[in-house]
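The structure appears below as C-alpha cells.
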Amino acid sequence: MTLAPSHRHGQAVWSDTQLLYALEEVVETELNRHLNVAKEWMPHEYVPWSDGRNFDGVMGGEAWAPDQSKVSEVGRIALVVNLLTEDNLPSYHHEIATLFGRDGAWGTWVHRWTAEEGRHGIVMRDYLLTSRAVDPVQLERFRMEHMCEGFESDNQHSMLHTVAYVAFQELATRISHRNTGHHSGDPVCDRMLARIATDENLHMIFYRNLLGKSFELAPDQTMCAVRDVVVDFRMPGHGMPGFERAAAQIAIGGIYNLRIHHDDVLQPVLRFLKVLEIGGLGPEGLKAQEELGLYMGGLDDQATKFDERRQALLARRRARAERA
C-alpha cells in the first residue's frame with residue numbers, strides 16, 4: 001500500500017488509511033499537549049453527598065417528588081438530555097476506535113478521551129441522584145430505552161467527516177453543559193458542569209487542531225467534509241426518547257438554540273481555522289466553501305427569526321404570569 005495520495009485535477013486525494021498515517025505525528029503532538037494541560041479531578045468531590053438519602057424501593061426510603069429538586073425545570077430537562085448523551089459512551093468509543101484504530105498515538109487518544117468522558121457520566125449521575133434533581137425511575141427507564149436503541153454516527157463512513165464533526169460537537173457539548181449550569185439555579189450543579197465543560201473544551205481544541213492540519217494536507221476533501229458536517233449537523237443524543245420536545249424547551253430556555261449554535265459553536269471553529277478564507281482550492285473545494293458560506297448566512301437569518309419568536313413567546317409568558 002502506498003502512503004502517498006493520488007491526484008485529481010491537480011489536488012491530492014487521500015484515503016482514510018493514508019490520512020490516518022499522515023496525521024499520526026500531529027495526533028501525538030496534540031495528545032502530548034493535552035496531557036500537559038489537562039488537570040486531574042475527582043468526580044466524588046463535586047457531589048453533595050451530605051444531601052443524599054434513601055429512595056423508596058428495597059431501601060424503604062422516600063419516593064422522589066419534583067419539589068425536592070433545587071434545579072429549575074429547564075435545568076432538569078437539559079441535565080437529563082446531557083446525561084443520556086454521556087450514557088452512550090460505549091457506542092461512541094466503538095465508533096472512534098473503529099475509525100481511528102487502537103494503535104499508536106491514535107489509540108492512546110481514543111482510550112484517554114473515553115476515560116475522561118466516563119468521568120462526566122459518573123459525576124452527573126451521582127449529583128442528580130444525591131441531590132434528587134430528577135426523577136430516578138424515569139432517568140433509568142430513559143437510559144435503558146436510549147442505549148437499547150443503539151447509536152450509529154452520521155459520519156461513520158469517513159474518518160475526515162468524523163474529525164470535522166467532533167471538532168464542532170465537542171464545543172457544542174461544552175456550551176450545552178455550561179449553559180445548563182448557568183440556568184440550573186443550583187451553584188453546586190453549576191460548579192460541576194463548569195468542570196465538565198473544561199474537559200470538553202480541551203477535547204474540542206484537540207480535534208480543531210487536527211482539522212486544521214487536515215486542511216493543509218487535503219484542503220478540498222476537508223472543505224467538503226466541513227460543509228457536509230455543518231449543513232447536516234445533529235447532536236449525538238438526537239435518538240433519545242422525547243428528544244425533539246426536550247430540544248425545543250432547551251432552545252426556548254436559552255441553553256442551546258439556533259443563535260447559540262451559530263454564534264458560539266460553528267462560527268468560533270470556522271473563524272479560528274479561517275475556513276471561509278482558505279485559498280488554493282480545486283473546483284470541489286471552492287464549491288463546498290461557497291455552499292458553506294451561503295449556509296452560514298441562511299442559518300444566521302433563521303437564528304434571528306428564532307430570536308424574535310422566542311422573545312415574543314417569553315413576553316407572553318411574563319404577561320400571563322403577571323395577570324395570574
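In this chain, numbering begins with 1 at the start of the sequence shown.
When the shell of 6.0 Å around CD of Glu45 is examined, it contains more than 12 heavy atoms from other residues, nucleotides or ligands. Surrounding CD of Gln156 are more than 12 heavy atoms belonging to other residues, nucleotides or ligands, all under 6.0 Å away.
For Phe233, the ring-ring contact (aromatic ring centres under 6.0 Å, His included) partners are Tyr165, His261, not counting sequence neighbours. Shown here are the salt bridge (Lys or Arg N to Asp or Glu O under 4.0 Å) partners of Asp51, two or more places apart in sequence or in another chain: Lys70. Residues satisfying the salt bridge (Lys or Arg N to Asp or Glu O under 4.0 Å) test with Arg195, not counting sequence neighbours, are Asp199. For Glu116, the salt bridge (Lys or Arg N to Asp or Glu O under 4.0 Å) partners are Arg112, not counting sequence neighbours. In terms of the side chain to side chain contact (heavy atoms under 4.5 Å, CB included) criterion, residue partners of Asp300 (sequence neighbours excluded) are, by chain and number, Arg259, His262, Thr304. Among residues two or more places apart in sequence or in another chain, the ring-ring contact (aromatic ring centres under 6.0 Å, His included) test is passed with Phe168 by none. Arg33 meets the salt bridge (Lys or Arg N to Asp or Glu O under 4.0 Å) test with Glu30; sequence neighbours excluded.
Within the structure, the salt bridge (charged side-chain N to carboxylate O under 4.0 Å, His left out) test picks out the following pairs touching residues 74-88 (sequence neighbours left out): Asp87-Arg125. Sorted by first and then second residue, the pairs that involve residues 209-219 and meet salt bridge (charged side-chain N to carboxylate O under 4.0 Å, His left out), not counting sequence neighbours, are Lys213-Glu216. Sequence neighbours left out, not one pair with a member in residues 171-192 passes ring pair (Phe, Tyr, Trp, His ring centres under 6.0 Å).
Applying the 4.5 Å side-chain rule to ILVMFWY residues, one finds Leu313, Leu314 in the same cluster as Ile252. Other residues sharing the hydrophobic cluster of Met59, ordered by chain and number and joined by side-chain separations under 4.5 Å: Val58.
Phe306 and Ile255 end up in the same hydrophobic cluster when Ile, Leu, Val, Met, Phe, Trp and Tyr side chains are linked at under 4.5 Å.
Pairing each heavy atom of Thr130 with each of Pro48, the nearest pair is CG2-O, 3.0 Å. Heavy-atom minimum distance, Asp263 versus Pro268: O-CD, 3.3 Å.
Within the cation-pi definition used here (under 6.0 Å to the ring centroid, within 45° of the axis), Arg234 does not qualify as a partner of Phe243.
Ring geometry for His34 against Trp109 counts as perpendicular: the plane angle is over 60°, on a 0 to 90° scale with 30° as the lower cut. Between His120 and Trp41, the ring planes are parallel. Angles under 30° get that label, and only those over 60° would be called perpendicular.
Here Lys287 pairs with Glu291 in a salt bridge; the nearest charged N to carboxylate O distance falls below 4.0 Å.
For the residue pair Asn88/His146, the side-chain donor-acceptor check at 3.5 Å is satisfied.
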